A.B. asks: 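Got a structure here, written out as structure tokens. Questions coming.
Per chain, numbering begins at 1; letters A, B, ... match sequence-line order. Computed from a predicted structure; not experimentally measured.
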Protein chains: 2
Amino acid sequence: MTTTRRPGSETRAEILRVALELFTERGFEGASIRDIAEALGMTKSSLYYHFDGKEAIIQALLDSRRAEFDDLMSWIDTQEPGPELLRGAALRWVESTTPQRIMAMRFAHANGPMMARLAAQGGNIRSWFDDVINRILPPGAPVSERLLARMAFDSVSAALFAAQAQPAGDEEVLAAARAATIALTAPGPA
Amino acid sequence: MTTTRRPGSETRAEILRVALELFTERGFEGASIRDIAEALGMTKSSLYYHFDGKEAIIQALLDSRRAEFDDLMSWIDTQEPGPELLRGAALRWVESTTPQRIMAMRFAHANGPMMARLAAQGGNIRSWFDDVINRILPPGAPVSERLLARMAFDSVSAALFAAQAQPAGDEEVLAAARAATIALTAPGPA
DNA sequence: GTCTATAGGACGATAGAC
DNA sequence: GTCTATCGTCCTATAGAC
């Protein structure tokens, strides 16, 4: 599942795991490199041996999310276009949610400005979905319909957001997300 | 619309306006007091004359959002309970969306950790909605149904989130949100 | 690979003159 | 009500010993 597997790179994976956790909990600016290093039982300097800096950690986290998205895209390519493709693709995306993806979504919720900054650089997960929407919806679809389509893909994210105040287990979140995706892709009114 | 209107407090309102803008754009930690002061054409120290500190600014921003929510609550009290109350209340909330509320939602998206911290202190907007959900849904409603109900109220927020990658005007966002609220409160399956 | 030590800057906040 | 000057703390990042 990891990209490169040269010996001794488990430390890198551990750093990424802890960094993702702290960036999600306190935000990118709120969690310092010192915090991450101490949570790992090492010093800042040791961490700088593994990563060039804070930005490099974020970039590595983003890179590790790309594969799942490419899977969705190539699946869509095998389907024939039509009005049911939206619901099929969105449901497929929602139902293939992994714990890692949930963590990535929590990270995104905790770091809106940083995700926007990355989007401006072109490397953002959210901008990847522009291609999906363009491939599924007819070219002349109105903006509000495009937004609704995106919300169908985003329903896990929305359910997680809702669960911030109403604590819920991952299964209950996914159940709500699945129901929302179906509701948002109901045929008929748009 | 403001709470106290003593002479000379327009400066306070201006500070709040600029602070909300910068906190949304860069995040709470990403926008310094110096940034806010310079955007206002004054120095840090002058800003400290009007507000005790960064936290006090956030608190004032939250306080100014309370009235709209109280309106919703008292309206709900005038309605008789029933399965249609959820849709009615959520639609009322969505359709009463003001530009100020949209800015507050953008702020919330940009500051997840801070909103969570405020929620732990009890002063959070999102925790206010627990009361709404409790008043509308039957006591024994399953968690996933509670999440769906909350998502219906959150649909403007979700549409704004979707619009981060697909630029859209406020009216198109609201149109998508209205459609989502209706879809999410459809009678029948739960 | 990990450490100590430190550079250099930005931050929130305060003191006190005007 | 606004300013200059400053304090102490925290930050990212680097240099260099082991």
A.B. asks: Output the single nucleotide from D/dT12, D/dC3, D/dT2 whose closest atom is nearest the side chain of B/His50.
C.D. replies: D/dT2
A.B. asks: Compute whether any side-chain donor of one residue and acceptor of the other, for B/Glu68 and B/Thr98, lie under 3.5 angstrom apart.
C.D. replies: yes
A.B. asks: Not counting sequence neighbours, which residues clear side-chain contact (heavy atoms from CB on, under 4.5 Å) with A/Ile133? List them please.
C.D. replies: A/Leu137, A/Arg146, A/Ala149, A/Arg150, A/Phe153
A.B. asks: Taking only residues two or more places apart in sequence or in another chain, which ones pass side-chain contact (heavy atoms from CB on, under 4.5 Å) with A/Ala177?
C.D. replies: A/Val94, A/Ser155, A/Val156, A/Ala159
A.B. asks: Are A/Met103 and A/Leu174 connected in the hydrophobic side-chain network, where two residues link if heavy atoms are under 4.5 Å apart?
C.D. replies: no
A.B. asks: Residues in side-chain contact (heavy atoms from CB on, under 4.5 Å) with B/Asp71, at least two apart?
C.D. replies: none
A.B. asks: Do A/Ser32 and A/Asp35 have side-chain N/O donor and acceptor atoms under 3.5 Å apart?
C.D. replies: yes
A.B. asks: Starting from P on C/dG9, measure out to CD on A/Glu29 and report it in whole angstrom.
C.D. replies: 21 Å
A.B. asks: Rounded off to whole Å, could you give me the NZ-to-P distance for the B/Lys44 and D/dT6 pair?
C.D. replies: 13 Å
A.B. asks: How many whole angstroms separate atom CD1 of B/Ile15 from atom C1' of D/dT2?
C.D. replies: 12 Å
A.B. asks: Does the plane of the ring in B/Phe129 sit parallel, tilted or perpendicular to the ring in B/Trp93? Use 30° and 60° as the thresholds.
C.D. replies: perpendicular
A.B. asks: In this structure, how many angstroms lie between the P atom of C/dT14 and the NZ atom of B/Lys54, rounded?
C.D. replies: 15 Å
A.B. asks: Taking atom P of D/dT2 as reference, at what distance in whole Å does atom CZ of B/Phe51 sit?
C.D. replies: 12 Å
A.B. asks: For A/Leu47 and D/dT14, what is the distance between atoms CG and C1' respectively, to the nearest whole Å?
C.D. replies: 14 Å
A.B. asks: If only side-chain N and O atoms of A/Ser46 are considered, is one of them under 4.0 Å from the OP1 or OP2 phosphate oxygen of C/dC3?
C.D. replies: yes
A.B. asks: Output one line per pair: protein atom, nucleotide atom from nucleotides 15-18 of chain C, and distance, for all N/O pairs under 3.5 Å.
C.D. replies:
unit_1, atom_1, unit_2, atom_2, d
C/dA15, N6, B/Ser45, OG, 3.4

A.B. asks: Let me know the distance between CZ of A/Phe28 and P of D/dT12, rounded to the nearest Å.
C.D. replies: 8 Å
A.B. asks: Scan residues 30-42 of chain B against DNA chain C and write down, sorted by residue number, each residue with any heavy atom closer than 4.0 Å; if none is found, say none.
C.D. replies: B/Ser32, B/Ile33, B/Arg34
A.B. asks: Between B/Glu84 and B/Arg87 (salt bridge meaning N to carboxylate O under 4.0 Å), is one present in this structure?
C.D. replies: no
A.B. asks: Show which residues join B/Leu91 in its hydrophobic cluster (side-chain heavy-atom contacts under 4.5 Å, direct or indirect), or state none.
C.D. replies: B/Ile182
A.B. asks: Which listed nucleotide (D/dT2, C/dC3, C/dG12) is nearest to the side chain of B/Tyr49?
C.D. replies: D/dT2
A.B. asks: Which of the following nucleotides, C/dG1, C/dT14, D/dT2, is nearest to the side chain of B/Tyr48?
C.D. replies: C/dT14
